[in-house]
Amino acid sequence: MMKFDQILHNRKSTRSFHSTPVKEKDVTAIIEAARIAPSACNSQTWRFVTVIQKEIIRKICHEAMRPVVPNKWLEQAPLVIVGCSQLDIVANRIGGRITGIEYYQIDLGIAMEHIVLKATELGLGTCWIGWFDERRLKKILKIPKRIKVPALLAVGYPKDDSSRKRKRKPIEKIVFSEKWGQPFTPFSLV
Ligand SMILES: Cc1cc2nc3c(=O)[nH]c(=O)nc-3n(C[C@H](O)[C@H](O)[C@H](O)COP(=O)(O)O)c2cc1C
């Protein structure tokens, strides 16, 4: 079994998939990883639609993507997980109104990344998709108006491993110690 650190380091966005369907037990396992995720006030605002029917995935790809980055590769994905948010959950909505923080987006982001990491452990590739037309997508999948769809995930067995590892900023650019702008040192309290 992959160690957690390997899972973190092995994960990268996959945009080329084998047509092999994702095993039922793997679908169950990745959804379970989302189900146990934390959420603000434990409000569990996330909802998911799993799509495996080729013609629906094709429709999503042809009708619900956006120009410039049309995510054409999505058509080959054997599984698309549509990340939805239920906005009418009181604790989440009132809390968000007071603080100005969209907790449902944080909730869904965590749950979907749980899916991504569990999928990586199972040898599946994933790619987040945030560049799509929400209105058109909701129409295709008959998702009610009150539901928000912030992101999708393409899931499948990766076809090739040639996609490059994308660079990350160095620690000192993204972390400060004690106060904003102060260089990060893990020992600043010592
Ligand atoms: C919220 C979100 C939305 C994204 N939307 C898209 C997308 O629409 N199309 C795409 O090809 N990649 C998309 N990505 C993938 C990012 O481009 C990718 O994670 C980033 O370049 C880092 O590369 P890596 O995932 O291989 O480490 C998205 C990622 C996130 C987290």
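Worth saying up front: this structure is predicted, and the values here are computed from it rather than measured.
The closest side-chain heavy-atom distance from Thr20 to Pro78 is not below 4.5 Å. Using a 4.5 Å cut-off on side-chain heavy atoms (C-beta onward), Cys127 and Lys12 make no contact. For the pair Phe48/Met112, a side-chain contact is recorded, criterion being any heavy-atom separation below 4.5 Å from C-beta on. Within the 4.5 Å cutoff, the side chain of Ser39 has heavy atoms near those of the Trp46 side chain. Counting heavy atoms from C-beta on, the side chains of Leu79 and Ile30 come closer than 4.5 Å.
Residues meeting the side-chain hydrogen bond (donor to acceptor under 3.5 Å, both in side chains) test with Glu113, sequence neighbours left out: Trp128. Under the side-chain hydrogen bond (donor to acceptor under 3.5 Å, both in side chains) criterion, Asn42 pairs with Gln44, sequence neighbours left out. For the salt bridge (Lys or Arg N to Asp or Glu O under 4.0 Å) test, residues two or more places apart in sequence or in another chain that qualify with Arg35 are Glu32. For Arg136, the salt bridge (Lys or Arg N to Asp or Glu O under 4.0 Å) criterion is met by Asp133, not counting sequence neighbours. Thr99 meets the side-chain hydrogen bond (donor to acceptor under 3.5 Å, both in side chains) test with Tyr103; sequence neighbours excluded. With sequence neighbours excluded, the residues that form a ring-ring contact (aromatic ring centres under 6.0 Å, His included) with Phe176 are Trp180.
Side-chain contacts under 4.5 Å among hydrophobic residues (ILVMFWY), followed directly or transitively, place Phe132 together with Phe17, Val49, Val51, Ile56, Ile57, Ile60, Met65, Trp73, Leu74, Val80, Val82, Ile129, Leu137, Ile140, Leu141, Ile143, Ile147, Val149, Leu152. Counting Ile, Leu, Val, Met, Phe, Trp and Tyr side chains that sit under 4.5 Å apart, directly or through other members, Ile7 shares a hydrophobic cluster with Met2, Phe4, Leu8, Leu117.
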Verdict with supporting geometry, Ile31 and Ile81, side-chain contact (heavy atoms from CB on, under 4.5 Å): CA-CA 9 Å; Ile31 292 296; Ile81 299 180; 4.3 Å; yes
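Summarising the geometry, atom NE2 belonging to His18 is positioned 11.0 Å from atom OH belonging to Tyr157; distances are rounded to the nearest 0.5 Å. Distance check, rounded to the nearest 0.5 Å: CD1 of Ile171 to CZ of Arg168 gives 12.5 Å. Here CD1 of Ile174 is found 9.5 Å from CZ of Phe184. Values are rounded to the nearest 0.5 Å.
Closest heavy-atom contact between Pro150 and Ser85: CG-OG, 3.8 Å. Nearest approach of Cys84 to Leu108, heavy atoms of both residues: O-CD1, 3.6 Å.
Residue-environment remark: NZ (Lys54) exceeds the threshold of 12 foreign heavy atoms within 6.0 Å. In the displayed structure, His9 atom NE2 is contacted under 6.0 Å by at most 12 heavy atoms of other residues, nucleotides or ligands. When the shell of 6.0 Å around CD of Glu24 is examined, it contains 12 or fewer heavy atoms from other residues, nucleotides or ligands.
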Can you give each donor-acceptor pair under 3.5 Å made by side-chain atoms of residues 89-98, sequence neighbours left out, with the distance rounded to 0.1 Å?
residue	atom	partner	partner atom	Å
Asn92	OD1	Tyr104	N	3.3
Asn92	ND2	Ser43	OG	2.8
Asn92	ND2	Asp107	OD2	2.9

May I have the list of side-chain donor-acceptor pairs in residues 118-126 shorter than 3.5 Å, sequence neighbours left out?
residue	atom	partner	partner atom	Å
Lys118	NZ	Glu121	OE1	2.7
Thr120	OG1	Val116	O	2.7

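Checking side-chain atoms of Gln105 against main-chain N and O of Glu102 turns up no donor-acceptor pair under 3.5 Å.
The list of salt bridge (charged side-chain N to carboxylate O under 4.0 Å, His left out) pairs with a residue in residues 73-83, not counting sequence neighbours, reads Arg58-Glu75. For the side-chain hydrogen bond (donor to acceptor under 3.5 Å, both in side chains) condition, the pairs that include at least one residue of residues 142-151, sequence neighbours left out, are Glu134-Lys148.
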